[in-house]
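A quick write-up on the structure given underneath.
Whatever order the structure lists them in is the order used to number ligands and atoms, beginning at 1.
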Amino acid sequence: MTQDMAENRAEEHPLVLQATALRQQLNHHNYRYYTLDDPEISDAAYDQLFAELLKLEQASPELKTDDSPTQRVGGEILPEFQSVTHEQPMTSLDNAFERKQMTEFERRIVERSAVSPVEYVVEPKLDGLALSLLYEDGVLVRGATRGDGTQGEDVTANIRTISSIPLCLIGEQIPQRLEVRGEVFIAKADFEQLNRQQSAKGEKRFANPRNAAAGSLRQLDSSITAKRPLSFISYGVGLMQGGASYSHYNQLMEQLAHWGVPISPELKVVKGVAACEAVYLDLQQRRSILRYEIDGVVYKVNDFALQELLGFTARAPRWAIAWKFPAEEATTTLLAIDLQVGRTGALTPVARLKSVEVGGVTVSNATLHNEDEVQRKDVRVGDTVVVRRAGDVIPEVVRMVPEQRPENTQIWVMPQQCPACGSSAVRELDKAVVRCSGGLFCPAQRKEAVWHFASRKGLDIEGLGQKLVEQLVERDLVQTPADLFLLKLEQLSTLERMGPKSATNLVESLQKGRSTTLPRFLYALGIPEVGEATARSLAHFFGDLPPLMEATAELLEQVDDVGMVVAQNIVTFFQQSHNRSVIVALQRAGVQWPKIEQQGAVTLPLTGSTYVVTGTLQQMKRAEVKAQLQALGAKVAGSVSTKTTALICGADPGSKRDKALSLGVPVLDEMDLQQLLESDY
Ligand code: IVH
């Protein structure tokens, strides 16, 4: 029985009426959620309606309909997939890889049709699998894969479990037979979660969202598919019998959306190749932030009459083309695994690769993140590996190709010593990161360390940019931050892009930098995980440097914001004799700060005050603001009261702001907050 038939019986029985009403509501909310991306009710409210319908259907099974939203759980186990012959072949698309090929595409259309400029509908090219959905009288009766284009597989039981595929269409003028075509895919975030679940269950992780979608769709047991986060977006119609006719593709797509079929929110109508290129560049730029993987942009002639005139070649329509993005993944050979030393000594395994083109650029190095990742991926020198470079992100080695592993490869083990200075490499408690314990002594850390020391939040030495620091370290003029203060005007003047005026200014800035504050100095030392807020807490707790240098981990843990790991980092840092020598040298060079009246654990600069944070902040995450305020001794509360010192208010604040105003509680914006956090207490 279908919903339609149930509606006809509705007068007969109040329960039928109730079930019909619930189904209508659920279908409506599905439409709001999946098609319009604009839900009217919360997930919990939806779940409640769903539970109500389920209860009703369980109590009176005769109320169940095939197209009921409750019928998505799967369970049918097939011996094999039945073959389906597509009434209209599911063709492929021609590809373009550069603008010239797009211009050619348009030229051919103009030649054949004399229409110019040509109007196109543009959609992202989703990287999933093609699917055909057959609706009869608005009810989903069959789902089939593309197969070879002529014959596919019947995956009805599986696709019925996909929430974004309507089991019945809603609205007016629904054709008697309608074949909706589109792409099944797994969104990026869902894919990450799925792989986390796979790892947790000790099962194999999927290589990419597309493989995961393909594997999920081809399950003979549909209850497995039901557990996979598949999504669907339509990009067209195959067969359509009965109902109104449509002259343009965009019109038909809008109609599909009204019937409850999700279409691309990126769909646009444009004219001419220049506009096509603008959309291409825009989507390419936004590719990494889209919720799903796309591998190009599809352009379709909008006018159906013109589509018909142009027709098809043997494999693809002449009225459509996919302008592909450069591939984000490529395979190449792993030549070596080196260690890169970061500012705080983090040793990152880096893959040296046989050069390969990925995402439009040549890549010969890629990150392997950390020891655990290398082990998890089991990549070894000599392996063929998949390299990925998405958007501006650092290229990474995604996985190795087991089939192509040569003989006699060696499992990679993390070295015990820093490759740059030989100091011992120490793995932090409960962390994946391994660090060189050489600190400021380690040459690889020097550049970064000197730059960090002089940076704005450190000693704030104006005119000492990163490039300059590099030159100073490379020419061996500076080995540790203390050497900065020994630089002579004559030495500075020999540097590239350093005129006499800039050299004089720099000497002056260095002079100014000598007088600093203890929090700044502590931050500048670059102790792993001691940021601004922690440096401030430490300074106020200990009042001066000597007691901090001698502090035990237990004592350090009493400082707000300092946990076990940070305490250990601090102890280790001050235990290194080379770090202590640098500190002595800095003080000899005249670096100094006023003592802070020691306040101990209870009295910090904001002790006794209570803040409330609301709205969207641009510069910092709310958790970060909270941590920084707490590090300064403040309490952070969830609601505004007369006890609130001030409300920190981002964009779209809501009722907390009104309440603060009515109680006369001061309201601070993000600028005020920055000032509050950055004051030299
Ligand atoms: S139109 C006759 N539009 O790309 C035209 N295809 O390489 C049929 N695809 O098999 C396809 N996004 O699975 C079209 N917006 C989109 C698409 C799209 C992804 C896939 C589809 C097709 C393959 C062709």
Side-chain angles (χ1 to χ4, degrees), residues 84 86-97 101-102 105 109 120-133 143-153 155 159 162 164-165 179-188 208-211 213-214 216-218 230-240 248-250 252-254 256-257 261-270 276 279-280 282-284 286-287 290-304 306-325 327-328:
V84 168
H86 299 296
E87 287 180 47
Q88 276 180 19
M90 291 180 79
T91 60
S92 188
L93 282 172
D94 279 338
N95 291 325
F97 296 95
Q101 290 164 310
M102 280 300 292
F105 168 68
I109 297 173
Y120 304 98
V121 171
V122 192
E123 293 161 344
K125 186 170 189 305
L126 301 162
D127 197 7
L129 295 105
L131 190 67
S132 147
L133 302 173
T145 60
R146 175 171 178 265
D148 62 6
T150 313
Q151 284 203 319
E153 286 177 324
V155 285
I159 55 103
I162 304 175
S164 47
I165 294 181
E179 187 205 352
V180 173
R181 290 181 176 178
E183 201 83 344
V184 179
F185 60 93
I186 294 186
K188 292 178 197 168
N208 55 50
R210 191 173 186 284
N211 283 7
S216 305
L217 195 62
R218 296 200 73 261
L230 293 166
S231 300
F232 175 80
I233 288 185
S234 166
Y235 52 65
V237 161
L239 170 127
M240 186 161 54
H248 287 77
Y249 177 83
N250 70 321
L252 178 57
M253 295 310 281
E254 273 162 32
L256 276 188
V261 178
I263 63 167
S264 174
E266 300 285 345
L267 187 147
K268 277 191 188 66
V269 179
V270 299
C276 288
V279 178
Y280 177 87
D282 172 52
L283 278 169
Q284 187 177 30
R286 288 191 293 122
R287 183 180 186 184
L290 291 183
R291 124 186 136 73
Y292 37 75
E293 299 274 2
I294 63 171
D295 58 351
V297 184
V298 181
Y299 302 86
K300 295 169 193 162
V301 167
N302 195 13
D303 184 344
F304 282 137
L306 185 49
Q307 282 192 7
E308 200 153 325
L309 180 93
L310 293 164
F312 290 78
T313 65
R315 50 160 256 132
R318 288 199 191 87
W319 42 263
I321 196 160
W323 189 354
K324 300 286 285 281
F325 293 138
E328 283 184 329

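For ligand 1, the atoms sitting less than 4.0 Å from at least one non-hydrogen atom of A130 are 10 (O), 13 (O), numbered in the order shown with element in parentheses. The ligand atoms of ligand 1 that sit less than 4.0 angstrom from a heavy atom of K300 are 1 (S), 3 (N), 14 (C), 16 (C). With ligand atoms numbered from 1 in the order given, ligand 1 contributes 2 (C) to contacts under 4.0 Å with heavy atoms of P317.
An N or O contact shorter than 3.5 Å is missing between F312 and ligand 1 by distance. When only interatomic distances are considered, the shortest N/O to N/O separation between W319 and ligand 1 does not fall below 3.5 Å. Between P124 and ligand 1, at least one N/O pair is under 3.5 Å apart.
When non-hydrogen atoms are compared, ligand 1 lies under 4.0 Å from neither the backbone nor the side chain of R181. With a 4.0 Å heavy-atom cut-off, ligand 1 is reached by the side chain of E183 but not by its N, CA, C or O.
With hydrogens left out, the protein atom closest to atom 15 (N) of ligand 1 is E123 OE1, 2.9 Å, a heavy atom. Taking atom 5 (C) of ligand 1 as the reference point, the nearest protein heavy-atom neighbour is L93 CD2, 3.7 Å. For atom 2 (C) of ligand 1, the nearest protein heavy atom (residue, atom name, distance) is T91 OG1, 3.3 Å. Nearest protein heavy-atom neighbour of atom 12 (N) of ligand 1: L126 N, 3.0 Å. Protein heavy atom in closest approach to atom 23 (C) of ligand 1: K125 NZ, 3.8 Å. Considering only non-hydrogen protein atoms, atom 21 (C) of ligand 1 sits nearest to Y235 OH, 3.1 Å.
N211 has its side chain within reach of N208: a pair of non-hydrogen atoms, C-beta onward, lies under 4.5 Å apart. The shortest side-chain heavy-atom distance between F304 and L252 falls under the 4.5 Å cut-off.
Within a 6.0 Å sphere centred on CZ of R218, other residues, nucleotides and ligands contribute 12 heavy atoms or fewer.
Defined by atom type and a distance below 3.5 Å, a donor-acceptor pair is missing between the side-chain atoms of E183 and Y292.
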Task: Candidate pair K188 and E293, rule side-chain contact (heavy atoms from CB on, under 4.5 Å), full reasoning - done: CA-CA 7 Å; K188 292 178 197 168; E293 299 274 2; 4.2 Å; yes
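Looking at Q101, its side chain does come within 3.5 Å of a backbone N or O of F97 through a donor-acceptor pair. Proximity of a side-chain donor or acceptor of Y249 to a complementary backbone N or O of Y235 within less than 3.5 Å is detected.
When all heavy atoms are compared, the tightest approach of A316 to S92 is CB-O, 3.3 Å.
Checking Q88, R146, E179, E87 one by one against S132, the side chain to side chain donor-acceptor pair (under 3.5 Å) holds for a single residue, E179.
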